[in-house]
Amino acid sequence: MTTTSGPLLITGATLADGTRTDLYLAEGRLADPASAPAGVERLDADGLLALPGLVDPHTHLRQPGREDAETVASGTAAAARGGFTCVHAMANTTPVTDTAEAAEYVAALGEREGHCEVRVVGAVTKGLDGEELAELGMMADSAAGVRLFSDDGRCVGDSLLMRRALTYVKAFDGVIAQHSQDVSLAGPGACCHESEWSGRLGLPGWPSQAESIIIARDVQLAELTGSRIHVCHVSTAEGVDVIRWAKARGIRVTAEVTPHHLLLDTPLVAGYDTTFKVNPPLRTSEHLEAVREALADGTIDMVGTDHAPHARQDKDHPFDVALPGMLGLEQALAVVMEVMVGTGRMDWPTLVERMSTAPARLGQVPGQGRPLAAGEPANLVLVDPAARATVDASASRSRSRNNPYDGRDLPDPVVATFWKGRRTYAR
Ligand code: NCD
Ligand code: ZN
């Protein structure tokens, strides 16, 4: 929920392609700056970049069921703080989003309380149990207009069920987003990248192949059915290789990488700090290198935060017992800038493609991921490319504190976020 703002003239902003321009926000849209009345409120954006609002394909908002960890209001406030104007709310809530009614309930919460657009992700299977398909068609036809389906948190392990899900959603151009984890190879207890580190620390390991085996199966099922598959949080060099192969074959696959898999590596778990426990686990440097290269060359299409808030009582446990997941929305842009733009691996137009255009296309969200041109909805973020700060987990807009960047010096880019012309965040 954001209070209505009046018309605003943003002057001297720089677009991703380097063009300098004024932007006039009126009645929720961008309008011709020449039409702005003389006394209109102004914002001097000299030295700032104006980018289309960011879109997250993978957010855990925890409502309904775990409002102590996050709510639609707090999670979308964190999103706005991170420059996002749209998030996709994952289905692993309590109850699970596996019916049209449940999907409409989350969509209505988003309409009422969201600080950005909330698109609903429906479950693939009832109760995420991996046994019976959920009401995919009814969720698609509902007021929530679900197009993305995922059992995320769990892998759809059964190949026939996965084939059926892919076939079913093809009718309405839906997409199955898979949490790729072969649980017979890396069971629910696995919590560390299988490596010298897992051995030394005595933590059950997850080999890279537990990810790439499922990706390999799913892209072949996508080929068999002619349907679309999206790979959540790719974290391994092997996973990247399979996706590259599938794309070269013309298979309809897209993939995301999280900010944490771009920046954080396995040795961080050596202190058994459960903030660093996440699924898939933090990988070693050669994997970080592979996912960075894949994000640069487009093998990985987009960034997905996998923002996964957890209450203290679910993290204050021995490492192997604590719940997996870490926050991501507020520092996502900062991490991508640090790892990709600051190192010369990626330019600003490509960042816009990976963090706004591609995820909006995946979710089929009209009005998001659009160029900043007159007539388009006024969804944008103003970015200071030079600002830096030390991350303070206690200053988060999230209800949770499992921020893996706490105490780290990172870019602090977001100056203001506008959603449908309204200011949803201002520094
Ligand atoms: C996520 C969560 O907590 O819901 N946890 C995680 O470690 N990433 C689920 C998921 O994205 O797999
Ligand atoms: Zn997942």
Side-chain angles (χ1 to χ4, degrees), residues 56-72 75 78 87-97 106 121 123-125 127-128 130 148-157 175-183 186-193 203-204 206 210-211 214-215 218 229-236 239 255-262 264 266 268-269 273-283 291 302-315 317 319-329 332 398-404:
D56 188 16
H58 187 151
T59 312
H60 298 279
L61 292 176
R62 305 294 189 221
Q63 192 177 4
R66 286 307 301 268
E67 290 83 354
D68 57 324
E70 199 75 287
T71 62
V72 167
V87 298
H88 288 76
M90 277 296 173
N92 64 338
T93 47
T94 312
V96 171
T97 313
V106 176
V121 179
V124 177
T125 70
L128 309 179
L148 203 52
F149 298 87
S150 184
D151 275 3
D152 183 63
R154 307 232 190 117
C155 181
V156 179
V175 186
I176 305 291
Q178 174 75 294
H179 167 114
S180 310
Q181 176 180 9
D182 182 344
V183 288
C191 60
C192 182
H193 175 57
L203 294 172
W206 238 95
E211 175 173 281
I214 296 295
I215 301 174
D218 287 349
I229 181 87
H230 176 73
V231 186
C232 295
H233 42 50
V234 178
S235 64
T236 61
E256 74 191 25
V257 62
T258 68
H260 48 274
H261 289 114
L262 287 169
L264 307 177
T266 313
L268 284 166
V269 307
D273 177 347
T274 60
T275 309
F276 298 111
K277 178 172 177 180
V278 66
N279 254 341
L282 300 180
R283 304 288 186 183
V291 292
M302 65 193 82
V303 173
T305 71
D306 191 10
H307 178 83
H310 284 299
R312 178 155 299 173
Q313 69 268 26
D314 292 319
K315 278 291 192 185
H317 291 292
F319 200 87
D320 57 333
V321 184
L323 290 185
M326 47 179 63
L327 300 186
L329 285 167
S398 168
R399 283 211 175 163
S400 292
R401 291 291 172 263
N402 52 319
N403 187 324

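Both ligands and their constituent atoms are indexed starting at 1 by order of listing. Scope of the values below: all heavy atoms of this structure, side chains included, with no hydrogens, waters or symmetry mates.
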Can you tell me if Asp306 and His60 form a side-chain donor-acceptor pair at under 3.5 Å?
yes
Counterpart residues, salt bridge (Lys or Arg N to Asp or Glu O under 4.0 Å), relative to Asp68 (two or more places apart):
Arg66
Only one of His233, His230, His179 passes ring pair (Phe, Tyr, Trp, His ring centres under 6.0 Å) with His58; say which it is.
His233
Sub-4.0 Å heavy-atom environment of ligand 1, residues by chain
His58, His60, Arg62, Asn92, Asp152, Gly153, His179, His233, Val278, Asn279, Asp306, Ala308, His310, Pro324, Gly325
Do His307 and Val87 touch side chain to side chain, with heavy atoms closer than 4.5 Å?
no
Looking only at side chains, do Ser398 and Glu70 share a donor and an acceptor under 3.5 Å apart?
yes
Run the side-chain contact (heavy atoms from CB on, under 4.5 Å) check on Asp218 and Val231 step by step: do they pass?
CA-CA 9 Å; Asp218 287 349; Val231 186; over 6 Å; no
To the nearest 0.5 Å, what is the distance between CD on Glu67 and CG on Leu61?
11.0 Å
Kindly write out the residues that satisfy ring-ring contact (aromatic ring centres under 6.0 Å, His included) with His193, not counting sequence neighbours, or none if the list is empty.
His287
So how far is it from Ile229 CD1 to Ile176 CD1, rounded to the nearest 0.5 Å?
7.0 Å
What count do you get for protein N, O or S atoms closer to the Zn ion (ligand 2) than 2.8 Å?
3
